[in-house]
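What follows is a short report on a single structure.
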There are 2 protein chains.
Amino acid sequence: MSTAPSIEPARTKRGETSRAAIFGAALELFQERGYEATTMRAIAERAGVSLGSSYHYFASKEHLVLGFYRHTHELHLAATAPLLERERDFAARLRDVVRAVVVTCEPFHDFAGAIFSTVANPSSPLNPFGRESKALRDEVMQLYSDVMSGSDTRFPADIAHELPTRLWLYQMGILYFWIFDRSPGRLRTLEVIDGTTDLIVRLISIANLHLLRGSRKRILQLVRNIAGGSLTA
Amino acid sequence: MSTAPSIEPARTKRGETSRAAIFGAALELFQERGYEATTMRAIAERAGVSLGSSYHYFASKEHLVLGFYRHTHELHLAATAPLLERERDFAARLRDVVRAVVVTCEPFHDFAGAIFSTVANPSSPLNPFGRESKALRDEVMQLYSDVMSGSDTRFPADIAHELPTRLWLYQMGILYFWIFDRSPGRLRTLEVIDGTTDLIVRLISIANLHLLRGSRKRILQLVRNIAGGSLTA
DNA sequence: AGTTGGACTTGAACATGTTCACGTTCACGT
DNA sequence: ACGTGAACGTGAACATGTTCAAGTCCAACT
C-alpha cells in the first residue's frame, strides 16, 4: 500500500546535481516562457542532461509543477516567518498570511493558470486533494495551524482541529480567484482577502460566543461535508 | 472586436452531416473511453471523415468539450422543465434544479474530471469565465432566472439582478465538488446541495427581512467582488 | 455549358510528451 | 584487481494534437 514514488529522489551526489539542474532549468524556463511553451527538450538542454534523464527524476512534466508548488510554499514560509514572530492578533495573522500568498506568487501569475489547469485534473494523483500532493498539503495546513496557535485567541476543540484543513481549502480558493484576477495591482484579490478573512474571523467569534447553537451544528456539519470528504489519506 | 468563431458552423447540408457525425462520434467515444483515451483520429474514423476534417468544424479537441457541455445543459433543461412547471416554492425549485444537475451528469462522472481540467485553464477562451463559453453561461443563468421568477417568492431588485450569476457560479462549485465525490450514490454531493441551497435561501430571507442591514451591505459587496469580476463581456 | 469562388476534404508533415532498450559509471564486496 | 548490481544517462522511436498545402465538390453566376 506504499505510494509509488513518481518523483524519484536522487540517491547519489551526481544524481542530486542532475536533479537540481533539471528542476532549476524548469523553474527558469517556466518563468521565461510559461508552462506550455516550455518543452521537456528545452529543460533537458538547459540542464545539460538528456531528455530521458529528466524522466528519471520527474515522472512527467506535471511532476515538475509539484516541485514548483513546493518552491512557492517555501517562499511563502520565508515571507511570513517574521510576521508570525511579531503579530499576535489572529485576524491580522490570518489576513497577512493570506495576503503574502498572492504577493509571493505574483511573479508567476502569467502561467499560474496553465499550471493550475494541469494539476486540477481529479484523475491525476497530483491534484490538490490527491496522494502525491499530500506532503505539501500537510505543510500548508501546518502553517495555518501555526497561525492559530501563535495567536492570542483560544479556539474550541472542534474548530481548532478542523480549521487548518478549511483554511488550506480557503487558500486554494483565493489562489483560484487570483488566477483570474486581472485588476491592476491585483487589488480585487486583496479586497476579497480582507473581506473573507474578516468574515471568517467573525463566524468563529459567533461560534465562540455560543450564539446560534442550533445553526452552528448544522453549518459545521455542512462545512465538514464540503471540505472533509475528498482528501486522500 | 467580433469574436473569432473557433467552432465553425456548417454552411452546407453536407457540412451539417459531417459536423453532426464528428460531434456524435466524439460524444460516444468520450463516454466509452474517457477524454484522454479518445484520440482525434479515432473520432474522425468513427465519424467517417478524415482527421483534417474534424479541425474544419472544431478548432481543437477542447472545443468538442464545449459541445459536450451544451449537450448536458440541454439534458438538464429537459429534466427540469416539468418540475419548474409544477413547483412554486423557491427553495424546492432551487434544490431540485441543482440536484438535477448532478443526476443529469452522472453518466459522465468518470471523465468529467479530465474534461474539467482541460477547460479550467484561464488562458483558454474556453474556460468557464471566458468568451467562447459566454453563450452557454448565459443560458444557464437564464435557467436560474426562471427558477426565481417562476417561484412565489419576491426578491429585492439588487438580489434579483445579481443572483442568477451567483447561482451559476454556485452550480459550478457544486459540479467541482461532485467531480471529486466518490461516495456511494454520490450521496455526499446531494447532502451538500441540500445544505447549501437551504443556506442560500435562509441568507436571502435574512436580506429580505431587512435584518443586519449593516452587514448586508458589506457582504453583498464582498459577493459582488468575488463573483462579479472575472466574467468576459 | 463553362467559370468561379468558397465550402469541404484529405493525408502527410510537424511538435512534443513519453517510453524503452541499451550503454555507462561507480561504490562495494570478494 | 575484479565482478556485480543499482543508479544514472542516452537518444531513437512512438503516440497524438495540430497545421497546412493541395485537391474535390457544388451552387450560383455569366
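Chain identifiers are assigned alphabetically (A, B, ...) following the order of the sequence lines, protein sequences preceding nucleic acid strands; residue numbering begins at 1 within each chain. Everything numeric in this text was worked out from a predicted model, so none of it was measured.
- In this entry the distance linking CG of A:Leu51 with P of C:dC20 reads 14 Å, nearest Å.
- Dashed line: the shortest gap from a side-chain N or O of B:Ser60 to OP1 or OP2 of D:dG17 is not under 4.0 Å.
- B:Ile22 has its CD1 atom 10 Å from the C1' atom of C:dC8, to the nearest Å.
- The OH atom of A:Tyr55 sits 17 Å away from the P atom of C:dA21 (whole-angstrom rounding).
- If you take CD of A:Glu62 and C1' of C:dT18, they are 12 Å apart, rounded to a whole angstrom.
- Evaluated for a ring-ring contact (aromatic ring centres under 6.0 Å, His included) with A:Phe68, the options A:Tyr35, A:Phe108, A:Phe116 yield exactly one hit, A:Phe108.
- Looking only at distances, a side-chain donor or acceptor of A:His76 sits under 3.5 Å from a matching main-chain atom of A:Val97.
- Heavy atoms of A:Gly15 sit under 4.0 angstrom from primed sugar atoms or phosphate atoms, though from no base atom.
- Across the protein-nucleic acid pair, B:Phe58 atom CZ and C:dC8 atom P stand 12 Å apart, rounded to whole Å.
- Ion pairing of A:Glu45 with A:Arg41 is absent here, as no side-chain N (NZ or NE/NH1/NH2) approaches a carboxylate O to less than 4.0 Å.
- Between B:Glu132 and B:Arg137 no salt bridge is recorded (no basic side-chain N to carboxylate O distance below 4.0 Å).
- Straight-line distance from the OH atom of A:Tyr57 to the C1' atom of D:dA7: 8 Å, rounded to whole Å.
- Ion pairing between A:Asp146 and A:Arg93 fails under the 4.0 Å rule for side-chain N and carboxylate O.
- In this structure, B:His56 does not reach the C:dT9 phosphate: none of its side-chain N or O atoms is under 4.0 Å from OP1 or OP2.
- Distance NZ (B:Lys61) to P (D:dT19): 15 Å, rounded to an integer number of Å.
- For D:dT16, the paired nucleotide is C:dA15, the pair qualifying as Watson-Crick or G-U wobble because both relevant distances are below 3.5 Å.
- Shown for residues 35-49 of chain A: residues whose heavy atoms fall under 4.0 angstrom of DNA chain D, namely A:Arg41, A:Val49.
- Of the charged side-chain nitrogens involved, at least one lies within less than 4.0 Å of a carboxylate oxygen, so that A:Glu32 and A:Arg46 count as a salt-bridged pair.
- A:Thr12 has no side-chain polar atom (N or O) that falls below the 4.0 Å cut-off from OP1 or OP2 of C:dC26.
- One interatomic measurement links the two molecules: NZ of B:Lys13 to P of C:dG6, which rounds to 23 Å at whole-angstrom precision.
- Residue B:His161 qualifies as open at atom NE2: its count of foreign heavy atoms under 6.0 Å is 12 or below.
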